[in-house]
Amino acid sequence: MEAASVSHLEHDHHGPPEANKSSRVDPAMLGMLLFIISEIMVFGAFFTAYFFIRVVNTDSWPALGQEIPWAIAGINTLILISSSLTLHWALHSVKSGNRFAFKVGMLSTFLLGACFLFIQVNEYIHLGYSPTESAQGSIFYGLTGLHGAHVFIGLTLLLMVTVRAFRGHFSAEHHRGVEVPGIYWHFVDVMWVVVYATIYIL
Amino acid sequence: MAAKLRAPGWYRAGAFTLLGIAFCFGLTTLIRALYSYDPLIDGYAITVVAMLGAPFFFLVGLGTFDYWFYWAAGRPTRAEDHSSHGAKSWRDYFKVNTDHKVIGIQYVCTSFFFMLVGGAMAMLIRAELAAPGAQFVNAQTYNGLFSVHASLLIFLFIIPVFAGLANYVLPLMIGAPDMAFPRLNALSFWMLPVAGTLMLLSFFAPGGSFATGWTAYAPLSTDAPLGQMMFTIGVQFAGASSIATALNFLVTIITMRAPGMSFWRMPLLVWANFSTSLLVVIATPFVAASQFFVLLDWALGFNFFNAARGGDVLMYQHVFWFYSHPAVYIMMLPGFGIVSEILSVKARKPIFGYRMMAFSLLAIVVLGFSVWAHHMFVSGMQAWIRVPMMITTAIIAIPTGIKIFSWLATLWRGVLKLDTPMLFALGFLTMFTLGGISGVMLAMIPVTIYVSDTYFIVAHIHYVLFGGSLFTIFAGVYYWFPKMTGRMYDERLGKIHFWLTFVGFNLTFGPMHVVGLQGMPRRVADYAEQFAGWNLFISMASFVLGASTLVFVWNMVASWRAGPKASSNPWRALTLEWQVSSPPPIFNFDAVPTVVGGPYEYGVPGAVHGIFNSPVEAKPAGSLVTRPTKE
């Protein structure tokens, strides 16, 4: 009967009820991790293209007459890895309440990342060949460019964190806004190591 | 006016879209000037850049990013006053809204709009094919019609409509006040109209709409006219939308279940969406990447698929099908969930083999990634891949079979209530089994080689996606219609709709098996004289099928406007969404309920699923004496 059906309309709400926390995992962190899985798959698809050139078709890598500057990129790799270390330091500092170290850590992470991107663009300019000349070139630019785009996204996130850090946000108790973009930055770094190892070294 | 342009909404969205087009025009021209390209102003380049850029300006203008911009800049965010929750008039459905119930209805209505457009294209296709030779459209337009038909129905109907239904009922089912990321939820909805608009606009592009099928194989697509880019870019938006929603579902299911709602007490619809979301998160990036390759090849002269410069054409098919085979399950698993709900409720019996049902979903997720190359048996790929792919494809029939037999066992000796949702669920059971059987046939390499690119394939895909997915969608829409709108649909019209659809569907797609085996090729506007009889028959049947949709639309519109009021639990179901009023209160629950038992304990004396805190609601749901207001 109608009377038995539950009517909530007469109740006056001021907000939604508190959701039950059915997992210890932080929702924002879980969301970021799932997004990173998606990102890994995007890279996976680009690596498939690479795989087809090198393993399935056993073409030369790089294309004949082209060179890949592994030494400069190696220095760039070190820059990116060190940015991960400074980021970890920044997170550690905010957790222990050291605001100065937190701000320095965030700023140096951002600058190291920007430095990486600058060197990468510089590398493109001096490479001497374009993606239109060979499939190898397409894949080289495709993979490094895809990674560069991720560095750009990561830098944007880091910039937000840095701005908020200098505005006095975050504390020893509330630092999720540092952790979640941070894990993305670490992913970008790890991905670079994979890209560097396959594209430049192997 | 100035205030309207500052506040989030359609005025600002329009202004921002124009701004975005202007920005893309400037950006493209600037880059071309820097590289001293000739001509400086290139319409094609600007259009492609604008198709990528302007949608973001549109979304910003509409207000989907407002909160995040405030947050990111470290400015105080506007306090959530919940004014954007709920919808008081139809206008509220055209605004950015963070309420999962409003977004669910937005999703369902938008995707049904694209379903009607795509269906109208199917009518044109059948009109053209009613007789041999050219009737109404030329071959190029015909190719465009079937391509847009498939793309709309796959990317803008089946995938999002399931997301929409789940958006509405899933948080209610698990006892959550909303999705985990409501603003992301709103953004993922608003990317859909963008994708659909792009695909539809392609008809106005120079050179006509994209005409390479929904598969857009390279190098056909990398040499196609501008319209192809509208598919390529549209898919990016649809894909981003679907990844964002899937991520949202996963986080919601993992972190926001009501107390006592363990994974083994979740309704199977929740399980189904959990599995689907895993597939989406892992597989969808591949279709995005495949279309990025096409975009780069088409627009910037990359050589991913240019064989003359070392590119590999087959790589496209591998990457594409590595998404698009799992996509078949993305389009089917939520339907499995819907059918599990309906069969159990309407047969008044616990679902048979609940845990095996959940495990078989997960098995399909895992196996779904190991079968992609069965779409490529005649592509000229390495021959050794064929047999392993044939075997894994055949293995997928096992978890699917577990589900089919579990549903049959659920029905066994049940007290079946044959109303519209149940009829569609039973229709799904038979039609999907037929589609599954032709699927197993197609998994066999010799059969595929024989019938590849014939109407047998068309018949199979429609038995799976129409007889399978669409029947479950209809079942789900009828089943949750009282909950979503607070009104009952017209049962008589619903039954007429079912029988017209069921008969029209079989008369349309059944004979396609025959003409396919006789060798009629698909994706061709003309055909040999010998197929004329069957094709005329198929075309007439398809018009019946098309007309049946009108009955559905009429039923939905009229019932939503003036149907009899629905009680909170017209089906006497146990799951949590039926224990709140119809439509549910604005925040779903006064207090989050406690779950103490399984969701399908129908006919089990004393069984309780959820307990509500206030005394009125603490009664076991199954014992409430509620009846449908109609019948």
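Just so we're clear, the structure is a prediction, and the values are computed from it rather than from any experiment. Chain identifiers are assigned alphabetically (A, B, ...) following the order of the sequence lines, protein sequences preceding nucleic acid strands; residue numbering begins at 1 within each chain. Every heavy atom of this structure was used, including side-chain atoms; hydrogens, water molecules and symmetry mates were not.
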Can you confirm whether more than 12 heavy atoms, excluding those of [X], are under 6.0 Å from its [atom1] atom?
X        : atom1 : value
B:Trp264 : CH2   : yes
B:Phe263 : CZ    : yes
A:Leu33  : CG    : yes
B:Phe56  : CZ    : no
A:Phe166 : CZ    : yes

With a 4.5 Å cut-off on heavy-atom pairs, point out which of [options] contacts chain A the most.
options                      : value
B:Val319, B:Ile282, B:Leu250 : B:Ile282
B:Pro259, B:Gly311, B:Gly310 : B:Pro259
B:Gln382, B:Met256, B:Met261 : B:Met256

Under 4.5 Å heavy-atom distance to chain A, tell me which part of [X] shows up: side chain, backbone, both or neither.
X        : answer
B:Leu300 : backbone
B:Leu247 : both
B:Phe305 : neither
B:Phe293 : side chain
B:Ala258 : backbone
B:Tyr323 : neither

Which pair of heavy atoms, one from [X] and one from [Y], lies closest together, and at what distance?
X        : Y        : value
B:Phe286 : A:Met41  : CE1-O, 3.3 Å
A:Val42  : B:Ala289 : O-CB, 4.4 Å
A:Glu18  : B:Val592 : O-CG2, 3.3 Å
A:Pro17  : B:Asp590 : CB-O, 3.5 Å
A:Ala49  : B:Met315 : CB-CE, 3.4 Å
A:Ser38  : B:Val281 : OG-O, 2.8 Å

- Message: If I measure from the heavy atoms of chain B, does A:Leu34 come under 4.5 Å with its side chain, its backbone, both, or neither?
- Response: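 For A:Leu34, the contact with chain B is made by backbone and side chain together.
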- For A:Val56, is it the side chain, the backbone, both or neither that has a heavy atom under 4.5 Å from a heavy atom of chain B?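 For A:Val56, the side chain is the part near chain B, not the backbone.
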- Task: Mind ranking A:Val25, A:Asp59, A:Asn57 by heavy-atom pairs under 4.5 Å with chain B and telling me who comes out on top?
- Result: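 Highest number of heavy-atom pairs under 4.5 Å: A:Asn57.
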- Message: I'd like to verify something: which residue of A:Ala135, A:Ser134, A:Gly177, A:Ser22 has the highest number of heavy-atom pairs under 4.5 Å with chain B?
- Response: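 Ranked by contacts with chain B, first place is A:Ser22.
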Looking at [atom1] of [X] and [atom2] of [Y], how far apart are the two atoms once the value is rounded to the nearest 0.5 Å?
X        : Y        : atom1 : atom2 : value
A:Ile53  : B:Phe304 : CD1   : CZ    : 9.0 Å
A:Asn20  : B:Thr594 : CG    : OG1   : 8.5 Å
A:Ser138 : B:Asn303 : OG    : CG    : 4.0 Å
B:Phe302 : A:Tyr141 : CZ    : OH    : 8.5 Å

- Task: Using heavy atoms and a sub-4.5 Å threshold, report which of residues 180-202 of chain A line up against chain B, by residue number.
- Result: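 Within residues 180-202 of chain A, no residue comes under 4.5 Å of chain B, counting heavy atoms only.
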- Using a heavy-atom distance cut-off of less than 4.5 Å, which residues of residues 125-132 of chain A contact chain B?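 The residues closer than 4.5 Å to chain B, in numerical order, are A:Pro131, A:Thr132.
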- Is there a side-chain contact between B:Trp68 and A:Met160, using heavy atoms and a 4.5 Å cut-off?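 Result no, sub-4.5 Å side-chain heavy-atom pair not found.
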